[in-house]
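Presented below is the structure to which this report refers.
Letters go in sequence order (proteins before strands), and every chain restarts at 1.
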Amino acid sequence: MPERPALEGLEAKWSAAWEQEGTYRFDRAAPRERVYSIDTPPPTVSGSLHVGHVFSYTHTDAVARYRRMRGQEVFYPMGWDDNGLPTERRVQNHFGVRCDPSVPYDPSFQPPAEPSEKEPLSISRPNFVELCLRLTESDEQAFEDLWRTLGLSVDWSMTYTTIGKLAQRISQRSFLGLLARGAAYQLEAPTLWDVDFQTAVAQAELEDRERPGAMHRVRFAGADTEADALIETTRPELIAACVAVLAHPEDERHRALVGRHVRTPLFGTRVPVMTHAAVERDKGTGLVMVCTFGDVTDVLWWRELGLPVRSVLGPDGRLLEVPWGSEGWESDDVESARRNYSELAGRTINQARKRSAELLAESGELIGEPQPVNRAVKFFEKGDRPVEIVTSRQWFIRTIEHQERLIERGRELDWHPAYMRARFEDWVNGLNGDWCISRQRFFGVPFPVWYPIDEQGKVLYEQPIPASAERLPIDPSTEVPDGYDASQRGQPGGFAGDPDVMDTWATSSLTPQIAGQAGEDGGELFARVFPMDVRPQAHDIIRTWLFTTVLRSELDESALPWQNAAISGWVLDPDRKKMSKSKGNVVTPMHLLEQHGADAVRYWAASGRPGTDTAFDAQQMKVGRRLAVKLLNASKFALSDLPPAGDALTHPLDRALIARLAKVVAEATASFEEYDYARALQRTEEFFWWYCDYYLELVKGRRYDPDPEIAASVSRALRLSLSVFQRLFAPFLPFVCEEVWSWWQEGSVHRASWPEAEELDAEAGSSEGAEREALALEATADVLREVRKAKSQAKRPMRAPVTRLVVRDLPARLDALELGEDDLLQAGSIESLERAEADELAVEVELPPEEG
RNA sequence: GGGCGCGUAGCUCAGUGGGAGAGCGCUCGCUUCACACGCGAGAGGUCGCAGGUUCGAAACCCGCCGCGCCCACCA
């Protein structure tokens, strides 16, 4: 035991020891019923971890440590989510390169020493992927260092990455299974599209952003009717793509138009006026134009009304050239349609919108001035321009047909906190299409299929050639399907590889299978850890990660992937805004750990209740640090020169203490069982401070008593209570607890058994006097407080003697006070004690006259 | 517009049918043999507003106000 115990250096000392001892190593031979498995969120490796990570991973670690101490074999792997767009973007910026799949591989390629953001270097896809791997590797090392310093009790031998061979194999294997069962399909259809990244995106990856726009009132002249149609639109650039005008079926105002036709302004295309119940009568004029495609509602109307396609928007976000006058592009004035459209073709959406408004004004078809409006626009969450809808060939996983089943699964899952389930149900109920999983990107898991090319050179997408299971993982852009040779790539009669990669969630949705190594080594590990016990994650990705994992598990395993979902909140900055890099308010976690110590930072994190957003608060870390220091000092005091313990607790106050401690243990245990680590910490901490302030002070006299008979009971109580506190705090303050445990115990506190309330109750005894003894502890502490108050108000030191103390109180409390009288007199330096009955506690404290 | 959550001391929050609490901050005091990264004490709140249930409401029910998040809303 050190002379002056300190927190400095404990992280390095004990994280090295834990690694060496294999303290957190998962025992692969453990039977399923003893295993507690955690589907750890793999953090995105695209920069740095932030305080929010430290926050939520600490919650999981506290639970993991509790379970381990309960005797369960904890499966707690770490994963790194390194595939996907964030890594691509980071590599582009970090090295100043851009992936160009048409560039050949350069084995001796080295990235430029001085990356240029303005003129990125075009490199091949294999070279690009190499750079992605190189960058993620160093990021992952930094992440691991941080987690070790924070004290996460992860088994580092089980680490996986989402771009690694194992994850790719499992992801591709799952995909091929879905394909074989018809649960995955390919379709050329209107798809959500990001024009900057030029890739399909999924509904789950969208977010709303407020953007200014302009409402244009536009006249569509009647074609087979005298009446004109007035339409309000914020997207006049899509008029050429208009395929119909709609009214609500019960809207009397437009009855004359319905069933007739109108001509689009500028282009003179004849389009029908039809009805649909989803049209909102009170918006604009009550008439709406359907374009292919302006938004998802357009897709709905287009599909349900069987409308034709007139696409004007290219994948790069510019307007396409279109053949006016040919089939589908009819006009009553082809020349002017061509002339007008030539002003738009090749322009970006914004340019075309502005020019369209000018053309409409010139032609007299714009009524009044465009009115500025603010409206919410859908963006790809990582994109800079609004998503568009572009028709393209994509892979989908069937989702809509499973909606009801997924709702049921959500109800089987135990949510912590319970109200988070509503977010899941809302999301599932709001789904409006199957999950698009293909992305036109480079750094991801490829689709393990090729397509035959017929003799005319046409790619037969509807006849995919799946890779054989034993070849997985494969990259169809470099590998060749069985029965072909490399020279046939792209040739008539040959084959073509699928060019796309999977959405990052298509792989992340399989983390239970990846971590558990499903289908590997005969599925031995998987059978021991799946279904997992808990999925810890934040509430913002319920619609993505949690939802897709439930879906994939349903499709592949017909099971819930886990029994519990422990949902954590966010870290907010002191202004209650979500902490984010862009706001410049992110605090570097490593700096925090160095400044306050890991236990202190963990204390702050563990104080945040499940699911609740928590403000970043350095003050709370200081409080945590004080608690850790207190545990050091209290342990030192209790254990230094401690006389031998007796066989039993013979003093009433000692028994009463242990009885109270049993209640705290019971409450902490119950809280942990409900994943309410914050409550477990709070109750433990609250009682610990009371223990230091009252119990340790009360028993000082007996603890130092030269008579070993007297010291034996308190010695026993101190050992027992200290051991319990050290174990109760171990999930939260793993470093300081391990330190104080090592002073007097064998082995790691983190492999010690969680204290049991029943054992403590047995130790305290359930004698008839227990109630009186409990009252004695309470009354003694209350009187001690009153004595301290009197000394404090008299501005006298605490050791100042009390020449005479009169205690007035209820008879039962006065009676109980006798049991702790010896300790009270000593702790309060009380020379004489008198009692008097009263309705409530009051004391008279006589102090000797002040000297000087 | 729909759903969920929140509103308690200056701050961060606990408290879910019967005493309005903790920590921090603030003020005052104390080198007390574990700890000055300490110890003791004090001041500070009509528990968002209004109604109802109840012997009794911070808590339960209804309404309203405010804040946050999720979803829908691109005509």
Side-chain angles (χ1 to χ4, degrees), chain A residues 1 4-7 206-208 211 213 215-218 231-235 238 245-246 278-280 283-291 294-298 301 373-378 386-387 417-427 429-432 539-540 542-543 569-570 572 574 576-578 597 600 604 607-609 611-620 622-640 678-679 682-683 685-686 689 692-693 696-697 700 704 784-785 787-800 827 829:
Chain A
M1 197 184 305
R4 282 189 68 85
L7 299 176
L206 301 184
E207 65 183 27
D208 287 349
R211 282 294 179 274
M215 190 63 77
H216 305 71
R217 181 169 282 229
V218 179
I231 283 168
E232 290 200 340
T233 179
T234 56
R235 303 205 62 180
L238 293 180
V245 168
L246 300 186
V279 176
E280 293 186 34
K283 274 203 177 168
T285 61
L287 288 173
V288 56
M289 68 171 181
V290 182
C291 302
D295 62 29
V296 290
T297 320
D298 280 344
W301 286 328
V373 288
N374 259 323
R375 75 252 199 268
V377 184
K378 294 265 182 246
V387 290
Y419 61 75
M420 285 295 176
R421 197 193 73 203
R423 298 202 180 194
F424 177 81
E425 290 197 8
D426 285 355
W427 174 252
N429 283 324
L431 287 172
N432 57 29
H539 52 62
D540 55 331
I542 288 175
R543 66 174 184 167
W570 282 337
L572 307 177
R576 310 298 299 170
K577 299 280 192 306
K578 187 189 176 188
W604 158 75
S607 303
R609 303 189 88 77
T612 305
D613 294 345
T614 300
F616 176 80
D617 188 356
Q619 193 59 49
Q620 274 299 103
K622 291 183 181 155
V623 174
R625 187 178 173 84
R626 266 172 228 176
L627 175 63
V629 170
K630 193 76 175 175
L631 188 59
L632 281 178
N633 287 310
S635 298
K636 182 190 167 204
F637 164 70
L639 297 172
S640 296
R679 189 187 179 89
Q682 191 210 320
R683 296 308 153 108
E685 183 195 10
E686 191 178 23
W689 283 107
C692 291
D693 293 344
L696 290 187
E697 295 296 332
K700 263 184 185 169
Y704 287 114
L784 181 58
R785 181 206 306 271
V787 170
R788 284 169 171 169
K789 185 195 287 192
K791 290 180 182 177
S792 186
Q793 282 169 351
K795 304 194 174 181
R796 303 292 286 274
M798 286 303 129
R799 63 174 168 162
S829 307

What integer number of Å spans the [atom1] atoms of [N] and [M]?
| N | M | atom1 | result |
| --- | --- | --- | --- |
| B:G23 | B:A14 | P | 16 Å |
| B:G19 | B:C47 | P | 15 Å |
| B:A22 | B:A41 | P | 11 Å |
| B:U46 | B:G10 | P | 8 Å |
| B:U8 | B:G52 | P | 24 Å |
| B:A50 | B:C24 | P | 33 Å |
| B:G56 | B:G3 | C1' | 34 Å |
| B:G5 | B:C61 | P | 11 Å |

NA contact type, [X], heavy-atom cut-off 4.0 Å: base, sugar-phosphate, or nothing?
| X | value |
| --- | --- |
| A:Val279 | base |
| A:Met420 | nothing |
| A:Cys291 | nothing |
| A:Lys795 | sugar-phosphate |
| A:Asp693 | sugar-phosphate |
| A:Lys622 | nothing |

Would you mind pulling out the nucleotide paired to [N], Watson-Crick or G-U wobble, both distances under 3.5 Å?
| N | answer |
| --- | --- |
| B:C69 | B:G3 |
| B:U12 | B:A22 |
| B:G56 | none |

query = Where the side chain of A:Val377 is concerned, which of B:C39, B:G40, B:C74 is the nearest nucleotide?
reply = B:C74

note = Sorted by position of nearest nucleotide on RNA chain B, 5' first, the leading residue of A:Trp301 and A:Gln682 is A:Gln682

request  = Please work out which of the three classes, parallel, tilted or perpendicular, describes the rings of A:Trp570 and A:His539, given edges at 30° and 60°.
outcome  = tilted

remark   = side chain to side chain contact (heavy atoms under 4.5 Å, CB included) filter on A:Pro5, not counting sequence neighbours, yields A:Pro2, A:Leu632, A:Asn633, A:Lys636, A:Trp743

